[in-house]
Amino acid sequence: MIDLRVLRDDPEAVRASQRARGEDGAVVDRVLDLDVRRRAAISEFERLRAEQKSRGKDVAKAKGEEKQALLADVKELSERVKAAEADSAALGAEFDAALRSIPNVVEDGVPPGGEDDYVVLEEVGAHPQLPEGLDAWRDHLELGEALGAIDTARGAKVSGSRFYFLTGVGARLELALLNLAVSRAVAAGFTPMITPTLVKPEVMAGTGFLGAHAAEVYKLEEDDLYLTGTSEVALAGYHSDEILDLSAGPRRYAGWSACYRREAGSYGKDTRGIIRVHQFHKVEMFSFCRPEDAAAEHRRLLGFEKDMLAAVEVPYRVIDTAAGDLGSSAARKFDCEAWVPSQGAYRELTSTSNCTTFQARRLGIRERVEDGAGTRPVATLNGTLATTRWLVAILENHQQADGSVRVPAALQPFLGLEVLQPVG
RNA sequence: GGAGGGCUGGCCGAGUGGUUGAAGGCGGCGGUCUUGAAAACCGCUAGGGAGGUACCCACUCCUUCCUCAUGGGUUCGAAUCCCAUGCCCUCCGCCA
């Protein structure tokens with residue numbers, strides 16, 4: 001939810017943000033109109049309610065005939081109060097729905113446009129040379145099958161398309177990667193968390209995932225719960241309806257969880273291997289910080305992501321995602337995309353979003369204002385530290401002519417192997 | 001799944017229809033006293049919304065509404081009565 005004050009004081013800024021996202025600016029004027037009508041209705045209700053209360057006190061004091069007369073009088077007033085309250089509530093709900101439908105106002109500097117209008121901020125690391133003796137790069141699935149690491153055929157047999165088993169060194173490699181991520185997060189001051197992956201509707205809605213991308217989310221109709229696509233959801237909800245003390249700096253968490261995504265609308269895309277799957281694991285950074293510190297914290301999270309990518313020794317580039325590709329909660333998003341040799345393309349491995357106060361406003365996460373009374377919403381940010389998809393980049397970039405895969409030095413202590421060898 | 005008990009402010013805990021947004025205590029903040037501290041004593045101390053006041057914003061101030069788990073209902077009037085839901089606790093059953 002965006003800041004109503006911003007909408008009132010500078011509606012043009014919100015319209016401009018909507019345009020940059022390629023969305024409708026008219027909703028701004030609809031909200032402003034509803035705001036005026038809502039406030040009038042509230043005033044009317046409050047006026048009547050105050051009258052009812054003060055007359056009620058007279059009733060309490062009165063006795064006998066006098067009391068009967070007052071009762072008849074105040075009975076009629078009670079009806080008007082109910083009607084005014086209903087009006088006010090209806091307008092309030094309409095206003096609220098309209099306000100919530102507006103995605104976060106994009107940060108200055110975000111490139112306008114859609115998915116393909118990103119700006120490349122930097123490219124890091126040289127693309128690997130095709131190992132001598134190979135005519136073409138083996139892709140991660142071919143490598144994974146030869147290593148006895150990935151089994152998509154049985155994944156499909158058991159659970160359907162876009163499911164897989166990680167087997168043997170594949171399972172070990174994923175655990176090593178995620179453990180490396182957790183240990184680096186801990187070293188950087190993050191509190192590790194293992195989070196619920198089923199959450200209530202208000203938490204899912206609070207993080208903004210039930211907006212335009214609701215079709216991506218698995219829902220358990222019977223239990224009125226949602227399966228999370230990232231531990232960001234549970235971590236954002238962790239401090240909901242709380243007042244945090246951020247005077248000592250941001251609260252930083254590193255969530256470990258399975259992630260579930262329906263991948264609706266991506267039929268035929270990335271059907272091979274484990275690039276795009278319905279279930280995977282992820283270590284996610286999450287920060288609660290003061291709004292004025294959010295942009296700096298965002299760069300910090302990006303820095304941690306780059307450190308992790310350096311640790312697994314894959315070439316990558318950093319992009320500044322265009323406004324239309326941000327998702328409703330984010331004001332800005334940086335993605336790190338790793339080089340995938342078999343595709344000759346960069347593929348997203350990490351994504352860090354600055355959600356400013358958008359999620360906190362919906363979830364009721366605040367801090368005390370130092371001088372003077374009152375509270376204000378905090379800022380929330382998230383970023384990826386490792387996911388199952390990273391195995392794709394690791395396997396492909398470190399493949400050797402004989403089908404073996406070199407293990408990056410940083411992973412070796414967690415894996416206990418220097419090279420992954422083909423089986424059989 | 002069945003049977004009970006409970007859910008009040010940062011915490012504990014009174015309150016069973018009418019000036020109760022809520023006694024009392026703890027904690028916190030400020031003050032008096034003291035060389036300093038402690039103790040003692042005094043005062044203050046929930047969150048949110050709307051309107052007004054103001055040179056814009058903010059603060060202060062004023063008015064007012066909402067919130068005693070949540071949502072409905074009864075009533076002129078609900079923390080207090082009724083219904084539903086959620087959560088916590090105890091016991092039984094079931095599963096692991």
Side-chain angles (χ1 to χ4, degrees), chain A residues 1-14 31-100 105 196 198-206 220-226 234 237-248 251 290-292 357 359-378:
Chain A
M1 183 161 46
I2 66 168
D3 188 349
L4 180 57
R5 195 186 308 282
V6 169
L7 187 94
R8 280 181 190 154
D9 294 350
D10 193 1
E12 187 44 37
V14 182
V31 170
L32 288 173
D33 174 58
L34 280 167
D35 185 35
V36 171
R37 289 162 57 203
R38 168 189 77 109
R39 281 146 81 184
I42 289 171
S43 291
E44 176 63 6
F45 160 66
E46 289 188 358
R47 191 181 63 74
L48 289 168
R49 182 73 166 136
E51 192 183 340
Q52 182 187 36
K53 279 182 136 180
S54 91
R55 306 259 294 265
K57 283 172 188 169
D58 295 339
V59 172
K61 274 183 270 183
K63 291 246 172 359
E65 264 182 46
E66 191 191 359
K67 184 159 190 164
Q68 292 312 308
L70 281 172
L71 274 182
D73 206 31
V74 106
K75 205 161 190 170
E76 178 267 345
L77 179 59
S78 169
E79 292 305 312
R80 286 161 61 205
V81 169
K82 280 200 178 104
E85 182 170 25
D87 279 356
S88 158
L91 274 170
E94 201 182 335
F95 165 81
D96 202 52
L99 181 62
R100 278 172 181 265
V105 177
L198 286 168
V199 300
K200 296 177 179 184
E202 60 265 32
V203 174
M204 190 55 94
L220 280 79
E221 205 64 57
E222 283 288 293
D223 301 285
D224 204 21
L225 290 168
Y226 291 92
Y238 185 69
H239 284 305
S240 59
D241 295 319
E242 292 183 22
I243 297 172
L244 302 179
D245 180 3
L246 297 175
S247 58
R251 297 266 196 123
R290 293 181 166 165
E292 59 271 26
T357 57
Q359 292 178 331
R361 218 175 279 283
R362 292 181 170 210
L363 291 166
I365 309 168
R366 295 165 295 162
E367 68 161 340
R368 280 193 196 289
V369 178
E370 272 168 23
D371 16 287
T375 60
R376 61 171 185 169
V378 305

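Letters A, B, ... mirror the listed sequences (proteins, then strands); counts begin at 1. Scope of the values below: all heavy atoms of this structure, side chains included, with no hydrogens, waters or symmetry mates.
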With the sugar-phosphate defined as primed atoms, P, OP1 and OP2, and the base as all remaining atoms, what B/S/- string results for nucleotides 65-75 of chain B, 5' to 3', for protein heavy atoms under 4.0 Å?
BS---------
Can you tell me how far [atom1] in [N] sits from the matching atom in [M], rounded to whole Å?
N     : M     : atom1 : answer
B:G86 : B:U70 : C1'   : 7 Å
B:U20 : B:U80 : C1'   : 11 Å
B:G15 : B:G25 : C1'   : 15 Å
B:G71 : B:U64 : C1'   : 25 Å
B:A54 : B:A37 : P     : 44 Å
B:C83 : B:C26 : C1'   : 37 Å
B:G17 : B:A96 : C1'   : 50 Å
B:G21 : B:U63 : P     : 16 Å

Where is the tightest heavy-atom contact between [X] and [Y], given as atom of each residue plus distance?
X      : Y      : result
A:T357 : A:P291 : CG2-CG, 3.9 Å
A:S240 : A:I365 : CA-CG1, 3.7 Å
A:V105 : A:A13  : CG1-O, 4.4 Å

Measure [atom1]/[X] against [atom2]/[N] and give the value in whole Å, please.
X      : N     : atom1 : atom2 : answer
A:R376 : B:G47 : CZ    : P     : 16 Å
A:M1   : B:G48 : CE    : C1'   : 12 Å
A:D35  : B:G51 : CG    : C1'   : 13 Å
A:L244 : B:G10 : CG    : C1'   : 14 Å

Looking only at the side chain of A:R39 (C-beta and beyond, no hydrogens), which of the listed nucleotides B:A58, B:G86, B:G51 gets closest?
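My answer, after comparing the listed nucleotides, is B:G51.
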Name the closest nucleotide to the A:R366 side chain, picking from B:A50, B:C76, B:G48.
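Shortest atom-to-atom distance from the side chain points to B:G48.
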Is the distance from OP1 or OP2 of B:C76 to the nearest side-chain N or O of A:R55 less than 4.0 Å?
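Answer no for this pair, as no side-chain N or O of A:R55 is under 4.0 Å from OP1 or OP2.
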Are A:R376 and A:E292 ion-paired here, with the side-chain N under 4.0 Å from a carboxylate O?
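So A:R376 pairs with A:E292 through a salt bridge.
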Return the pairing partner of [N] with a 3.5 Å limit on both distances, Watson-Crick or G-U wobble; otherwise return none.
N     : result
B:A84 : B:U70
B:C41 : B:G31
B:A54 : none
B:C94 : none
B:U16 : none
B:C59 : none
B:C11 : B:G25

Donor-acceptor contacts under 3.5 Å from residues 79-96 of chain A side chains, at least two apart:
from: A:D96; atom 1: OD2; to: A:R100; atom 2: NE; distance (Å): 3.2

Could you tell me the separation between the CG atom of A:L4 and the CG atom of A:L99, rounded to the nearest 0.5 Å?
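Spacing of CG (A:L4) from CG (A:L99) equals 6.0 Å.
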Give a yes or no on this: more than 12 heavy atoms of other residues, nucleotides or ligands lie within 6.0 Å of atom OH of A:Y238.
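Result for OH/A:Y238: open.
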Remember a base hit wins even if backbone is also touched, and classify A:R8 as base, sugar-phosphate or nothing at under 4.0 Å, heavy atoms.
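Sugar-phosphate contact only.
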Would you indicate what A:Q52 reaches in the nucleic acid, counting non-hydrogen atoms under 4.0 angstrom: base, sugar-phosphate, or nothing?
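The residue A:Q52 makes sugar-phosphate contact but no base contact.
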Is it true that a side-chain atom of A:R362 and a backbone atom of A:A205 form a donor plus acceptor pair closer than 3.5 Å?
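Checking the backbone N and O of A:A205 against the side chain of A:R362, a donor-acceptor pair under 3.5 Å is found.
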Between the side chains of A:R49 and A:Q52, is a donor N or O closer than 3.5 angstrom to an acceptor N or O?
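A pair is found: one side chain offers a donor N or O, the other an acceptor, under 3.5 Å apart.
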Select from A:G56 and A:S78 the residue whose nearest nucleotide in RNA chain B is closer to the 5' end of that strand.
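Between the two, 5'-proximity favours A:G56.
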